[in-house]
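To keep things clear, I will list the structure first and then write my remarks on it.
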Amino acid sequence: MESSIPVSAKSERRWRSKPLQTSKPSLVLAFFSCFAWLYVAGRLWQDAENRTLLSNLLKRNTAQRPKFLTVEDKLVVLGCKDLERRIVEAEMELTLAKSQGYLKNRLSENGSSSGKKFLAVIGIYTGFGSHLKRKVFRGSWMPRGDALKKLEERGVVIRFVIGRSANRGDSLDRNIDGENRSTKDFLILEGHEEAQEELPKKVKSFFSTAVQTWDAEFYVKVDDNINLDLEGLIELLEHRRSQDSAYIGCMKSGEVVTEEGKPWYEPEWWKFGDEKSYFRHASGSLLILSKNLARYIDINSASLKSYAHDDTSVGSWMMGVQATYIDDNCLCCSSIKQDKVCSLA
């Protein structure tokens, strides 16, 4: 039977079956197009609802907000602004006054209200347990009594520098007060707590207090294990009298100790770079600052960073200003040079 079908009829049957095979991809494409259209329409509908909700919330908040400020509201705003302005002005005036050499009422207590200018203020670090050391100093290179007053007439002030006990008013404080009434050769740092770990803060407090108390060309910090050639130091300072921004001492640098428990350990050793070496600074045994550098410490004392040691702390402060570094071998107290002005006691 099949052989009797004409060839033209077979061709027509094949031609009619082709559209059925090519219609499947079209159906799949139409399905995905419809799905995409529904997704986009849904998102647009959702966005429209969100916009409507946000618009309603905005209108509600706008309706609840007062149309104008009351007189009381205006007074509060103006009062806060005025108070803020006055605080800023007071801070600026205080900074300006300190930078121009304004000294507190302590001037009259220390005899500087007459406007007397000094060559140097020498502060000798001491502690509560150093009574015998102070007696030795007063019996050797440090003047006492009338000799101390005559030295001040020459323009040089010498004081033992000490803070207060952690327990204010205890026997330690009372003993220092009694000794000072007898010798009158102490500079007591009322705002400083005397402790070994507080030495970096003590040097800041010393320079700040000294520059507020006496108007001098130089301010000298000395450790209590140092003997001074006082006349030699005065001669050195006279020679440097006209030199501003002078940072004078036995300059050194050295390795930063990173191991906790070792002497001279620096807790913030990581700040000193990969080489772990201190910057150039004057040895803490004896260092000298000119008046403008000491005043800089006083003005900025609240923001100056202190490190583990007082000499490196001062050195870090000097790096931020135009200080003139003067490395003087005469101030290397531990050396064996014969012409030095200090030696280890």
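Being a predicted model, the structure only gives us computed values, none of them experimental. Residue indices begin at 1 and follow the sequence shown.
The existence of a salt bridge linking K252 and D311 is confirmed by a sub-4.0 Å separation between a basic side-chain nitrogen and an acidic carboxylate oxygen. A salt bridge is defined here as a Lys NZ or Arg NE, NH1 or NH2 lying under 4.0 Å from an Asp or Glu carboxylate O, and E231 with R154 meets this definition. Using a 4.0 Å cut-off between charged side-chain N and carboxylate O, E194 and K202 make a salt bridge. Between D215 and K291, at least one side-chain N (NZ, or NE/NH1/NH2) sits under 4.0 Å from a carboxylate O, which counts as a salt bridge. Salt-bridge annotation for E190 and R164: present, with a side-chain N of the basic residue lying under 4.0 Å from a carboxylate O of the acidic one. Salt-bridge formation is not detected for the pair E179/K135: no Lys NZ or Arg NE/NH1/NH2 atom is positioned less than 4.0 Å from an Asp or Glu carboxylate oxygen. Contact check on E152 versus K149 returns no salt bridge, with no Lys/Arg side-chain nitrogen under 4.0 Å from an Asp/Glu carboxylate oxygen.
L230 is listed as a side-chain neighbour of P143, based on a closest heavy-atom distance under 4.5 Å. Contact annotation: the side chain of M318 approaches that of I297 to within less than 4.5 Å [non-hydrogen atoms, C-beta and beyond]. Residues Y296 and L304 are in side-chain contact: their nearest non-hydrogen atoms beyond the backbone lie under 4.5 Å apart. In this structure, the side chains of L293 and V321 come closer than 4.5 Å at one or more pairs of heavy atoms. Here the side chains of L237 and V220 are in contact, with some heavy-atom distance below 4.5 Å. A 4.5 Å side-chain heavy-atom check between L287 and I248 finds every atom pair outside the cut-off. Side-chain contact between T213 and V121 is absent, with no heavy-atom pair separated by less than 4.5 Å. By the 4.5 Å heavy-atom criterion applied to side chains, K204 and S313 are not counted as neighbours.
In this structure, a donor-acceptor pair under 3.5 Å is absent between the side chains of S290 and D244. A donor-acceptor contact closer than 3.5 angstrom links the side chains of S245 and N292. At a cut-off of 3.5 Å, with distance as the only test, a side-chain donor of R134 or T126 sits close to an acceptor on the other residue.
Distance check, rounded to the nearest 0.5 Å: CG of D224 to OH of Y125 gives 11.0 Å. Taken to the nearest 0.5 Å, the CE atom of M251 stands 8.0 Å off from the CZ atom of R280. Here the CE-CG distance, from M142 to N227, works out to 12.5 Å after rounding to the nearest 0.5 Å. For the atom pair D173 CG and D177 CG, the distance stands at 6.5 Å (nearest 0.5 Å). The CG atom of L286 sits 6.0 Å away from atom CG of L228, with the distance rounded to the nearest 0.5 Å. The line from CD1 of I158 to CD1 of I124 is 6.0 Å long, rounded to the nearest 0.5 Å.
Remark: SG of C333 is not found under 2.5 Å from SG of C250. In this structure, cysteines C342 and C330 have SG atoms that are not closer than 2.5 angstrom.
Around CD of E235, the count of heavy atoms belonging to other residues, nucleotides or ligands within 6.0 Å does not exceed 12. By the neighbour-count criterion of 12 heavy atoms within 6.0 Å, atom NZ of K201 is sparsely surrounded, having that number or fewer from other residues, nucleotides or ligands.
Applying the ring-ring contact (aromatic ring centres under 6.0 Å, His included) rule to pairs touching residues 179-213 yields F160-F186, sequence neighbours excluded. Residue pairs meeting the ring-ring contact (aromatic ring centres under 6.0 Å, His included) criterion with at least one partner in residues 215-249, sequence neighbours excluded, are Y247-Y325.
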Yes or no on side chain to side chain contact (heavy atoms under 4.5 Å, CB included) for I122 and V157, after CA distance, side-chain angles and deciding distance? CA-CA 6 Å; I122 302 174; V157 176; over 6 Å; no
Audit row: D185, R138, salt bridge (Lys or Arg N to Asp or Glu O under 4.0 Å) steps and yes/no: CA-CA 10 Å; D185 57 5; R138 293 185 186 112; 2.6 Å; yes
For V314 and H281: C-alpha separation, side-chain torsions, deciding distance, then whether side chain to side chain contact (heavy atoms under 4.5 Å, CB included) applies. CA-CA 8 Å; V314 175; H281 62 277; over 6 Å; no
Give the intermediate values and the outcome of side chain to side chain contact (heavy atoms under 4.5 Å, CB included) for residues I234 and L151. CA-CA 11 Å; I234 293 174; L151 184 64; 4.1 Å; yes
Go through the steps for K221 and D310 under the test salt bridge (Lys or Arg N to Asp or Glu O under 4.0 Å), then give the verdict. CA-CA 10 Å; K221 177 258 176 181; D310 54 359; 2.9 Å; yes
Tell me, with the steps shown, if I162 and L189 meet side chain to side chain contact (heavy atoms under 4.5 Å, CB included). CA-CA 6 Å; I162 193 170; L189 307 175; over 6 Å; no
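Figure legend: K305 and Y307 shown as a cation-pi pair, the cationic atom lying under 6.0 angstrom from the six-membered ring centre and within 45 degrees of its axis.
Under the 3.5 Å distance criterion, the side-chain polar atoms of D229 are matched with a main-chain donor or acceptor of G232. Checking side-chain atoms of R174 against main-chain N and O of G169 turns up a donor-acceptor pair under 3.5 Å.
What you find for G249 and A282 is that their closest heavy atoms are CA-CB, 3.9 Å. Nearest heavy atoms, S165 versus F128: N-CZ, 3.5 Å.
Not a single side chain to side chain donor-acceptor pair (under 3.5 Å) links E153 to another residue, sequence neighbours left out.
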